[in-house]
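This report refers to the structure that appears directly beneath it.
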Amino acid sequence: MEKHSFFNNVYDVVRLIPKGKVTSYGAIAHYLGSGRSARLVGWAMNASFNILPLVPAHRVVNRNGMLSGKNHFESPTEMQELLEAEGHKIEDDTIVNFKKVYWDPRVELEM
DNA sequence: TGGGTGACCATAG
DNA sequence: ACTATGGCCACCC
């Protein structure tokens, strides 16, 4: 049975993020039509660890490209490690060339 | 049922 | 330019 919850929708979008790309909470929220309720996306991520299949929450950062949720991973460095493993460059807890690796669901998915 | 919460974003001073 | 505050809306108890 599928849950037509907002959370499930967020997970679906996050799982669609291609490897080597990242996006922001606000982009997902806006894509889902939540408007500015980007907080719900972050909150959904918090529960994403409990949801299967696993959601690449490390590919989701805030508007500044900063790893705001790194503190909520299994380890505070887990997020950075995962992003670096995908070819990203992290500096001062912020993704370098964030704009280049930015993946906007509104554009890529052409809503 | 109602209130509080949350890994944010935008605007105003 | 930086700092502070409000709004937002789904989920949990």
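Scope of the values below: all heavy atoms of this structure, side chains included, with no hydrogens, waters or symmetry mates. Chain letters run A, B, ... following the sequence lines, proteins first and then strands; every chain starts at 1. Computed from a prediction, not measured in an experiment: that's the story for all the values here.
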From the set C:dC8, B:dC9, B:dA7, return the single nucleotide nearest to any side-chain atom of A:Ser37. C:dC8
A:Ser5 side chain: which of B:dG6, C:dC11, B:dA7 is closest? C:dC11
Whole-Å distance separating the [atom1] atom of [X] from the [atom2] atom of [N]:
{"X": "A:Leu32", "N": "C:dC8", "atom1": "CG", "atom2": "P", "value": "18 Å"}
{"X": "A:Met45", "N": "C:dC11", "atom1": "CE", "atom2": "P", "value": "14 Å"}
{"X": "A:Tyr25", "N": "C:dC8", "atom1": "OH", "atom2": "P", "value": "22 Å"}
{"X": "A:Phe49", "N": "B:dA7", "atom1": "CZ", "atom2": "C1'", "value": "9 Å"}
{"X": "A:Tyr11", "N": "C:dA10", "atom1": "OH", "atom2": "P", "value": "15 Å"}
{"X": "A:Ile28", "N": "B:dC9", "atom1": "CD1", "atom2": "C1'", "value": "14 Å"}
{"X": "A:Phe6", "N": "C:dC8", "atom1": "CZ", "atom2": "P", "value": "15 Å"}
{"X": "A:Leu40", "N": "B:dC9", "atom1": "CG", "atom2": "P", "value": "12 Å"}

Any base atoms under 4.0 Å from A:Ala57, or only sugar-phosphate, or nothing? Heavy atoms, all strands. base
Describe the nucleic acid contact of A:Asn46 in one word from base, sugar-phosphate, nothing, applying a heavy-atom distance below 4.0 Å. base
Identified side chain to side chain donor-acceptor pair (under 3.5 Å) partner of A:His58 from the options A:Glu86, A:Lys70, A:Glu78: A:Glu86
Report yes or no: is the cationic atom of A:Arg59 (NZ for Lys, CZ for Arg) closer than 6.0 Å to the six-membered ring centre of A:Phe98, at no more than 45° off its axis? no
Within the side chain of A:Thr23, is there an N or O that forms a donor-acceptor pair under 3.5 Å with the backbone of A:Asp104? no
If you assign each of A:Phe7 and A:Arg39 to its closest nucleotide in DNA chain C, which residue comes earlier from the 5' end? A:Arg39
Same cluster (ILVMFWY, side-chain, under 4.5 Å), A:Val14 and A:Val101: no
